[in-house]
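Heads up: the structure comes next, in structure tokens.
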Protein chains: 2
Amino acid sequence: MNKASGAMSYDELRGAIAQRHRALSGRLQQIAEFVLDHPTDVALGTVAEVAQRSGVPPSAIVRFAHALGFGGFTEMQQVFRTRLVAGVAPSYKARLARMKSEEKSVLGRQPAAVLSRFVSEAQSSLVTLSQSVHARELDAATAILAKARDIYLLGLGGSFPVATHLAYVLRKLGRRVVLLDGTGGSIHEQSHAATVDDALVAISFRNYYPDTARLFPELVARGVPAISITDSLLSPIVEGARVVFEIQDMPEPALRTLVAPMCLVQAMAIGLDLAAD
Amino acid sequence: MNKASGAMSYDELRGAIAQRHRALSGRLQQIAEFVLDHPTDVALGTVAEVAQRSGVPPSAIVRFAHALGFGGFTEMQQVFRTRLVAGVAPSYKARLARMKSEEKSVLGRQPAAVLSRFVSEAQSSLVTLSQSVHARELDAATAILAKARDIYLLGLGGSFPVATHLAYVLRKLGRRVVLLDGTGGSIHEQSHAATVDDALVAISFRNYYPDTARLFPELVARGVPAISITDSLLSPIVEGARVVFEIQDMPEPALRTLVAPMCLVQAMAIGLDLAAD
DNA sequence: ATGCGATTAGAATATTCATTCCATTTATGT
DNA sequence: ACATAAATGGAATGAATATTCTAATCGCAT
């Protein structure tokens, strides 16, 4: 019971186990070998399960945790669980909390620190993007766009920059684009000519812009093939869409760099152009 | 209770939740949104924890699981746990296989390859950004913006998305913003009210949009403090600018993801807000 | 061999947890 | 406006779980 185990990472724990392996008694050595070989079982199982799989009585498992300086099995299990959560996409909640805490410090308030924060934020959102977008979806999306006569773009509020960017690139590539921006009237009027021979790319993140949520179902009902870029399967532009790109983003709208969706629409546009040859 | 839930994958479950979301009652919808946004919490937490974090009573969580066809929370949780183990298991063999498949797709022009190409482009442009932007410039920029009564944004053509994004964030933070977009007349008229007490953020990349090149010197001549974001010191918006951010980008306009300038303007806006407190 | 300390296994226990039940509230149709 | 059904929240319940305790066993030096 000589090791402070409070804030221990999984790798540190592995090292600690390996280090004192030979100093442990027979049963405890057996358990040490098992937990190093089956960290997932330890992370997700109960004491009884781990005990059975490693062939020892439950109490031995608890003694093992004690020998490592933990208050009990549950405490040790927490460390093994960090390994699991580290494997999946970094949680935005944690990152947001980190941002908030850094904002408090004087150093974090300096513009240079703010920039490096957004840069690293953008980096990880790009990693997440390439992991979460599948080739099948991209192929389907470009197929829809390739068949479209006119391409309608719907992205208002915070998503407007993405829509304008996609509009710019598509027009550069010679596509006919209608950007639904609501200038000079309602977006309903702008989208009135959309038919089943056209296509719609809708972009919307929380909180979903009301006009987007209203117009999207109308166009879908008219048979316009739709591609949606959003942050949740529950967003109003998911139902009826032929293709849905779900992109994780920051919960706070003002903190979104839009890096991931910008890259995605770019890839869609260029991929469309290359496939057309 | 009409869905066989025994051998269900995480993605299938997500789809099922999204599909019957609107058919659920209020509380259950609230839970649906939470579990889609916080799958890790569901995978690792207890009923009480999930209930507290999602702001519902524990019994509602169990009812939610029942509504999805599971025998109880524990049964549903198993599906969420598969997501965690799937994320960590692919060690070397799977990762190698993934790399191989990516290489293969690079050979073709498949959209997925295009995306990964843009992602890596964006990654490196972010690295370059954090290296090339210095704290002194950022400080100077935020100082100018802090003193400004109205902030005029000038970014046309391919830079328009950056300008709209900056406009969105600044307005969210309560700043007075004039976006020079030329709708309903000339940008000259829109910028007519700009004085020495205001500020101008100009964004322009090759080939420099003619209107930008024309308007920028006029505003500078009128004494409006200017911040420029561009790709060359020879660009038309460098001379007369108080601060210049030079950002390397792709030579071909259609291939720019705008990732770096998006991050930069975001950092400027948030940095301004934090410094103002 | 024998006594002593360390180690172990299994039962006992106390706690945590998921689930169910029921009274109350809220929505819905007549 | 009323009656009926659905939904909800909170307490009660019973199961599952981690942990502790104790008697038995093992290893080891004398």
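Quick note on labels: first sequence line is chain A, next is B, and so on, each numbered from 1. Here the structure is a predicted model, which is why all the values come from computation and not from measurement.
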To the nearest Å, how far apart are A:Q29 CD and D:dG27 P? 14 Å
Between protein and nucleotides 6-16 of chain C, map the contacts as a letter string: B base, S sugar-phosphate only, - none, heavy atoms under 4.0 Å, written 5' to 3'. -SBBB------
Could you tell me the separation between the CD atom of B:Q77 and the P atom of C:dC17, rounded to a whole number of Å? 11 Å
By a strict heavy-atom criterion of less than 4.0 Å, which residues belonging to residues 47-54 of chain A are in contact with DNA chain D? A:V47, A:A48
Restricting to side chain to side chain contact (heavy atoms under 4.5 Å, CB included), what partner residues turn up for A:Q30, sequence neighbours left out? A:R27, A:V56
Return the value, rounded to whole Å, for the distance between atom CZ of A:F73 and atom P of D:dA16. 18 Å
Provide the full list of side chain to side chain donor-acceptor pair (under 3.5 Å) pairs with a residue in residues 32-44 of chain A, sequence neighbours left out, each pair given once. A:H21-A:E33, A:T40-A:R83, A:D41-A:R53
Taking salt bridge (charged side-chain N to carboxylate O under 4.0 Å, His left out) as the test, write out the residues that go with A:R14, two or more places apart. none
Sequence neighbours excluded, the answer for ring pair (Phe, Tyr, Trp, His ring centres under 6.0 Å) partners of B:F80 is B:Y10
Can you tell me if CD on A:E252 sees more than 12 non-hydrogen neighbours from other groups inside 6.0 Å? yes
When rounded to whole Å, the CD1 to C1' distance for the pair B:I61 and D:dT8 reads 13 Å
Whole angstrom value for the distance that separates C1' of D:dT20 from CD of A:E75: 16 Å
If a pair satisfies salt bridge (Lys or Arg N to Asp or Glu O under 4.0 Å) and one of its residues is in residues 184-202 of chain A, list it, with sequence neighbours excluded. A:R149-A:D198
Rounded to whole Å, how long is the line connecting atom CD of B:Q78 with atom C1' of C:dA18? 13 Å
More than 12 heavy atoms from other groups under 6.0 Å of CD on B:E49: yes
When rounded to whole Å, the NE2 to P distance for the pair B:H66 and D:dA7 reads 15 Å
In whole angstroms, the gap separating P of D:dT19 from CG of A:L68 amounts to 14 Å
Please list all pairs meeting salt bridge (Lys or Arg N to Asp or Glu O under 4.0 Å) that have one or both residues in residues 224-241 of chain A, counting only residues at least two apart or in different chains. A:R206-A:D231, A:E239-B:R22
Taking only residues two or more places apart in sequence or in another chain, which ones pass side chain to side chain contact (heavy atoms under 4.5 Å, CB included) with B:Q123? A:Q123, A:L126, A:V127, B:V119
